[in-house]
Amino acid sequence: MPPADTPPVSNLDVERYRAGFRQMCRIRAFEEQAIAAAQEKLVLGAIHPSIGQEAVAVGVCGNLRKSDIILSTHRGHGHTMAKGAEALPMMRELFGRDGGYCQGKGGSMHIADFSVGMLGANGVVGANINIAAGAAHAIRLKGEDGVVVCFFGDGAINRGPFLEGLNWAGVFQLPILFVCEDNGFAATTRTSAMTSGAGPAARAEAIGIPASTVEGNDLQAVDEAARELVDLVRGGGPRFLVARTYRLTGHTSSDAAGYRPQAEVQERWLNDPIENCRKLLEAAGVPAAELAAIREAAEAEMRAAKDEAAATGWPAVELAYADVQDVGDPRTRAF
Amino acid sequence: MPPADTPPVSNLDVERYRAGFRQMCRIRAFEEQAIAAAQEKLVLGAIHPSIGQEAVAVGVCGNLRKSDIILSTHRGHGHTMAKGAEALPMMRELFGRDGGYCQGKGGSMHIADFSVGMLGANGVVGANINIAAGAAHAIRLKGEDGVVVCFFGDGAINRGPFLEGLNWAGVFQLPILFVCEDNGFAATTRTSAMTSGAGPAARAEAIGIPASTVEGNDLQAVDEAARELVDLVRGGGPRFLVARTYRLTGHTSSDAAGYRPQAEVQERWLNDPIENCRKLLEAAGVPAAELAAIREAAEAEMRAAKDEAAATGWPAVELAYADVQDVGDPRTRAF
Amino acid sequence: MPRLSYLEAGKLALAEEMRRDPLVWAVGEDLGRGGVFGQYRGLAEEFGPARISDAPISESCIMGAAVGAAMMGTRPVVEMRFSDFALCAVDELVNQAAKARYMFGGQSHVPLVVREPIGIWRSSAAQHSQSLEAWYAHIPGLVVVVPSTPADNRALLKAAIRCDDPVVYMEHKNLWALEGEVPEAAEPGELGKARVVRAGGDVTIVSWSAAVHTCAAAAESLAGAGIEAEVLDLRTLWPWDREAVLASVERSGRLLVVQEAVSVAGFGAEIAASVAEALHGALKAPVRRLGAPRIPISYAPPLEDKVRVTEAMVVEAVRSMTAAAA
Amino acid sequence: MPRLSYLEAGKLALAEEMRRDPLVWAVGEDLGRGGVFGQYRGLAEEFGPARISDAPISESCIMGAAVGAAMMGTRPVVEMRFSDFALCAVDELVNQAAKARYMFGGQSHVPLVVREPIGIWRSSAAQHSQSLEAWYAHIPGLVVVVPSTPADNRALLKAAIRCDDPVVYMEHKNLWALEGEVPEAAEPGELGKARVVRAGGDVTIVSWSAAVHTCAAAAESLAGAGIEAEVLDLRTLWPWDREAVLASVERSGRLLVVQEAVSVAGFGAEIAASVAEALHGALKAPVRRLGAPRIPISYAPPLEDKVRVTEAMVVEAVRSMTAAAA
Ligand SMILES: Cc1ncc(C[n+]2csc(CCOP(=O)(O)OP(=O)(O)O)c2C)c(N)n1
Ligand SMILES: Cc1ncc(C[n+]2csc(CCOP(=O)(O)OP(=O)(O)O)c2C)c(N)n1
Ligand SMILES: [Mg+2]
Ligand SMILES: [Mg+2]
C-alpha cells in the first residue's frame, strides 16, 4: 500500500528530505539495536519499538524549533531522537547506565531530554495529554511563542485525558498540536474493536479542535501537514493531526504479535516509510549508493552506541536517593 | 421564551400529561420545602434544587418501566421522585432521619431508591456515567430487556468519564440512554465558557452515539423524544438526548446566584416548565381550577412530608457501623 | 498582630506570593467568582482571569496541566474544592507530579501546590468529608501540609508555593472561619517543623489539622485535673518533625496520637510505630492512637459524630494512660 | 497435590468460579489474548468474549462500569494490568465502590474484584512497580488481599470472587512463575486469616506478598544460627489477622514487620503500632519495621535494588533485636 499519489519530484527539497531520511534511518537502526540488546538481556525493561512509524516523528519534529516542546508516550524513542536527542545517552538510558539521559533511573518508558524540549515519554497511556496542555498553558502565560506537540496512540483516545486535555486546549486556545499516531493497535487489541464512532479526528473536531489526517508513512506528506499546522499553532490555537501508520513489530520487543496475520504484516512492510522515502529521493536524483551509505552510517552509529552503552558502568548507587525532593529525608526506610 | 410551536392540542393525551403535570408539581413543591427546611437548618447538608428542570426528569422517567434503571447526579431529587420514589422517605433522607431511603447515611447527594430502579445520586460530577454504563452492561450480560437512563449536567461533559462511558456504551452497544440536562451552568460558571466545541450532542455523535436535542422545559417534547429513544435503546444500542433547560435557582439552596443578571433569570422564569404544561393542559380543556388543585395538593403533600420528616427521630446510632462491609470489624478506631 | 480568619490568611498568602512572583498562578473551578468557599474572592479582580483561572470540571486535567505548567517553570496552585475530588486526579499527582523529577533523572522540578480541603464538615457525607493525608505521606516525592491555624495557613501556603516539590496542601473545611493572630511579617514558614501548642511533661499529644484544637481543649481540662499534656501540632506530615516528637516523648514517656482520619493505616500509625521503635525503653505507657473507626462518613449528625474524636475521648485516653503508669 | 504456578493457580480459580456462577465475568484490556501476563490465556476460548471481555484503555470506565455491573447483581473481576494504572480509577474504587453500600443505607452490595498486580519486577521503573496496599487498607468498605503462594492465589481469588464486598486483589508480578502445591479441593480460602509459614519462638516476623519468601529464607538461615523465627504471612491486609499476630508476639516478645512497600505510612506501621499498643509490656525488644526508603523505584538494577528488602537485611534486623534483649 504505497502512498496514493507520489508528488512531483521536480521541486522536492532534496536537502530537507535527505536529512529526514537520515533521521528515520537512525531511529530505525536505534530500535533494531535496542531490540537486539533486549534479546541479549542488556536492556532489562520493556521497550516499545517505533519501527514503521518513523516518518511521523521525523516529519513532525522537523518543523519544530529546539525551544519547542514535545511530550511522548511509552513508544518514545523515535520522537526523542527526532527532537534532537543523541543516540548514546538514549541507549545508555535503555541500558540503565551511567550517562543515560535520566541517569538510568527512567529507562525506555521515561526517556527524556529536557535540553532539546523533550519533556518525557510516559508509562501511562494518555497521561501526557494533560501534561502537554499544561506545558502549552505555561507558554501562553509567559507570553512566549513556543509550540507544544503531544504525540499519542490511537489507543489513548479512549482515556479520559483525551477529552479533558483537548477541551482544555480548546477553551484556553493553547499553542499545541496533538498528533495521534494511528497504528491500528493498542497492545494486542485492534483499536477499532474498542473504539466507538469515527475515530480520533471526529472526536477532536467535536471538541472544537480542527483536525486533519495524513498518510503517516509518507515523510513528505507528514512534513507538509505538520509545517502548516505548526504555523497555525504558533501564537494561535490548538490543532489535531491524525497520522495513519502501522506498528511493524510487536507491541514490545518480546511480543511476537501472533494475533495478526502474517499476510497483513507483510503487506504493511511494503509501505515501509523509510523505503518510501528512499524511493522518493532516488526519483529526485539522489544516487542509490548515497542513500545506502546514509543507512549504513546510521546502522554503524547505533551499533557503536549499543556497544558503548554496554561498556558503560552503572550509575552511582547514591543516585537512588537523589532528586526525590528538596524537603525531607528520602532514606527513611526502617528503624 | 416559551416553546417555539405549541403543538396542536386536539389529540393530546390529557391523562398522560395531567399525570406529568402532577409529578412536576410534586417535584417543585418538594424542592421548595427542602429549601425552606435548609433555611430553617432542618436540612444540614448541601442541597441542589432542580427547580426549572422538572420536565426533563418527568418526561424521561415517564417512559420507563419500574424495572428500568436510572442514575442521577448531585441534583437528583427530581429524577428520584419521577422514577417513583416517595416523598416522605426522600424528605427524611434530606433531614438525615430514621426511615430515610439511605437510613440517613447519604442525604440529598446520595439519595437512592433501589426498589424503583433509582441507583443513586452521586456527589462526584460525571462519576455516574461509567456506573450507568456498567449497569447497562449487566443487563446485556444477563440477557434482560431493561433500559438504563443516565442523567448528567452540561458541566459533566468535560470530565473523562463522559468520554470513557460513552465509548464503552458504543463499543458494547449497551441499552442506555444518556440524558444531558443542559442548564447553562456548572456551579457559578457558565458552562459555555469552559467547554470547547459544539457541545454535548456533537461529542456524543463523534463517539458514535446518535444524539438529539430537545426543548427541556416542554414536557410534551421531552416525553415524545424520550419515548422514541427508550424504544430504540430497549434491546438496542445507546442513544443520547440533550435537554435544553435552565436552573432557575442557585446552584445550592444557599447560592444567591448573583453572578447572573436578574433580567436573565426573570426571562427564564417565563419558560417555567410547569407553567408551560399548565397552559398546554388548559388549552386542551382541563379546567384551570383542576390544575390549581393538583398544584395545591402537591404543595400540601410536601408540606406534610416536611413536617413529618421534622417530627421523625434520628437513625439508631449503631447504624453507623452497619453496611460497611461483610468482612472485618469496622469499629476498629483506637486502642 | 492583625486577626484574620484561616480562610483570609490563605487568601493573603496566595495574593502575596502572586504579587511577588509573576509565575505563580491559580486554577480551578469557579475561581473567578471566589471559589467554592470564597478562598479566592477578589483575587481575579486583582490578578485577572489568566492568573486566577477558571477551569472546566476536569480534575485530571487541572492536575495534569499543572504538572506540565510546573515543568515549564511556572508555579501553579491548583484547587480541588474537596480533597475527595482529587481522587479523580491521582495518576496525575502520584504517577506524574511526584515522580517526574526522579524518573527524568533530575532534569525537571514540579513546583505545584494542590489545595485539597479535607475533613468533616457537618452533614457532607461520604464523598465530601474524607481525610486521606496518610496516602500522600506514603508517596515519595510529595510534601504534605496540614495547617491548623490562620498564622500557619498564611506561612505554610507561602512556603508551599515557594517549594520546588509538589505539595499537597490540605486545609480543613471546618476551620475556614476560625480567627487568629497572624504576624505582620510576610515570611514563609518552615516545612517540617512542629509547633508546641502547649507545653507539659506528663504526656505528649501529637496531632495536626483541626484535631489540634480538640487536643488543646482536652489539654486545658486535663490541666485542671493536674495532668500536664504537651500538645504538638505537626503542621506537615512529610516531612514530619520526628525530632520534636521523639524529644517530647522522651521527656513525657507517653504518646497519644490524635487524628481525624480513619485510624487503621492512618498517619498516626507511622508516628506511633516510630516512637515505639525509637523509645521503647523510655515509655511509661504503651503508645496510643485515636482516630476514626473504619467506616465511611455518614450524613445524619448522630452517625457522623461517631467518627469524630472528641475532647472527652482525648481526656479519657490520657487519663487511662497516666493512670496505668501510676 | 498438583503443582501449579501462581499464575496458573489464579487462572484456575477464576475458571472454577466462572463455571460455578454464570454471573462471574472478567473485563480488562487484552484479556481476549490472555492478558498482559497471560493470566487469562485460554479463558476466552472457554467462556467467550462476553464473559472474558476486552476493554478499551479506559481504566476509570473499567472500574466504574464494574461498580454498576456489580450493583446490578453480576460479579465482575476487573483487570488493571499494573496496580499503578489503577490510579486512573481511584474515584471509582474509593468514592464509589467502597462507599456505595454504606451511603445508600445498605440498598446495594458491590461485589467486584479488582486485580491489581503489584511490586517490583526487574527494571520496570517508577510507574510500573508500586505497592500501594496501605492505601486501600485505609479505606472503609474495601477488602485487601495480597497472596504469596499458588495455593493462596487459588483459594483467595475464589474467596474474593464470592465476597460481597469490593476486593482489591493484589498479585505480585514477581511471583507469576512461582510453583507450589495446590490442594485438589476447590474450597475458597478464608479472608482475614494469616498463615504460619514457619513456627518459632524467638521473634515474630510478619509479612505478606512476595516479601514472605524473603522472610522464610531469612528464617531458615537464622535457624542455622540458633534463632527460631516465626514467620506469619498475613495474606489479607483488611481484614488482617490481629489475633494471630498478637498471639505470636505474646509468645516471642519480638515483632519485625517486613514489607516491600515504602516504609513511611506503609501498612507495616499499622501492625507495629497495634502491637506496641497492645503488647507493650510483653515486648523484649522494640517493634521494628523493614520496608523501602521513601524514593520512587528506579530502572537501573543497582538503584532499583536500593528499595528491596533483602534476606540479609531481615537476618541482620532479627539478630540485632535478639541481641538487644540478651
Ligand atoms: C493507563 C494505561 N493503561 C494501560 C496501559 C498498558 N499499555 C501500554 S501501551 C498500551 C497500548 C497503547 O496503544 P496506543 O495508544 O495505540 O499506542 P501504541 O502502543 O499503539 O503506540 C497499553 C494498553 C498503560 N500503559 N497505561
Ligand atoms: C468531580 C467533581 N468536581 C467538582 C464537583 C463540584 N461540583 C458539584 S456540582 C458542580 C457543577 C456541575 O454542573 P453540571 O454538571 O452542569 O450540573 P448542574 O449542577 O448544572 O445540574 C460542580 C463543579 C464535583 N461534585 N465533582
Ligand atoms: Mg496504537
Ligand atoms: Mg449544568
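Just so it is clear: chains get the letters A, B, ... in the order the sequence lines come, proteins before strands, and each one is counted from 1. If you're wondering where the values come from, they're calculated on a predicted model, not measured in any experiment.
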Among [options], which residue has the highest count of heavy-atom pairs closer than 4.5 Å to chain D?
options	result
C:A276, C:A272, C:A137	C:A137
C:G268, C:S298, C:G141, C:A89	C:S298
C:A98, C:A86, C:A269	C:A269
C:V90, C:L283, C:I295	C:V90
C:A273, C:G281, C:G105	C:A273

(request) Flag the pair D:P296 / C:R101 as yes when at least one side-chain heavy-atom distance between them is below 4.5 Å, and no otherwise. (result) no
(message) Less than 4.5 Å apart, side chain to side chain, heavy atoms only: is that true for C:E270 and D:E270?
(response) no
Would you compute the distance between atom [atom1] of [X] and atom [atom2] of [Y] and round it to the nearest 0.5 angstrom?
X	Y	atom1	atom2	value
C:L87	D:I139	CG	CD1	7.5 Å
D:S131	C:H138	OG	NE2	8.0 Å
C:M103	D:Y299	CE	OH	14.0 Å

(request) Please work out which of the three classes, parallel, tilted or perpendicular, describes the rings of C:W135 and D:W135, given edges at 30° and 60°. (result) parallel
(message) Looking only at heavy atoms and a cut-off of under 4.5 Å, which of D:I297, D:L279, D:L142 has the most pairs with chain C?
(response) D:L142
(request) Tell me, out of D:D91, D:V94, D:I271, D:V257, who's got the most heavy-atom pairs with chain C below 4.5 Å. (result) D:D91
Taking side chain as everything from C-beta outward and backbone as N, CA, C, O, which of these in [X] sits under 4.5 Å from a heavy atom of chain D? Side chain, backbone, both or neither.
X	result
C:W240	neither
C:S60	neither
C:L93	neither

(request) Select one option (side chain, backbone, both, neither) describing which atoms of D:A125 are under 4.5 Å from chain C's heavy atoms. (result) neither
(message) With a 4.5 angstrom heavy-atom cut-off, is it the side chain or the backbone of D:L237 that approaches chain C, or both, or neither?
(response) neither
(request) Using side chain to side chain donor-acceptor pair (under 3.5 Å) as the criterion, point out the one residue from C:Q130, C:H128, C:Q127 that pairs with D:N95. (result) C:Q130
(message) Closer than 4.0 angstrom, basic N to acidic O: yes or no for C:R288 and D:E277?
(response) no
(request) Indicate the atoms forming the closest heavy-atom contact of D:S274 with C:R289, along with that distance. (result) OG-NH2, 3.3 Å
(request) For residues D:R294 and C:W238, report the shortest heavy-atom separation together with the two atoms involved. (result) NH1-NE1, 2.9 Å
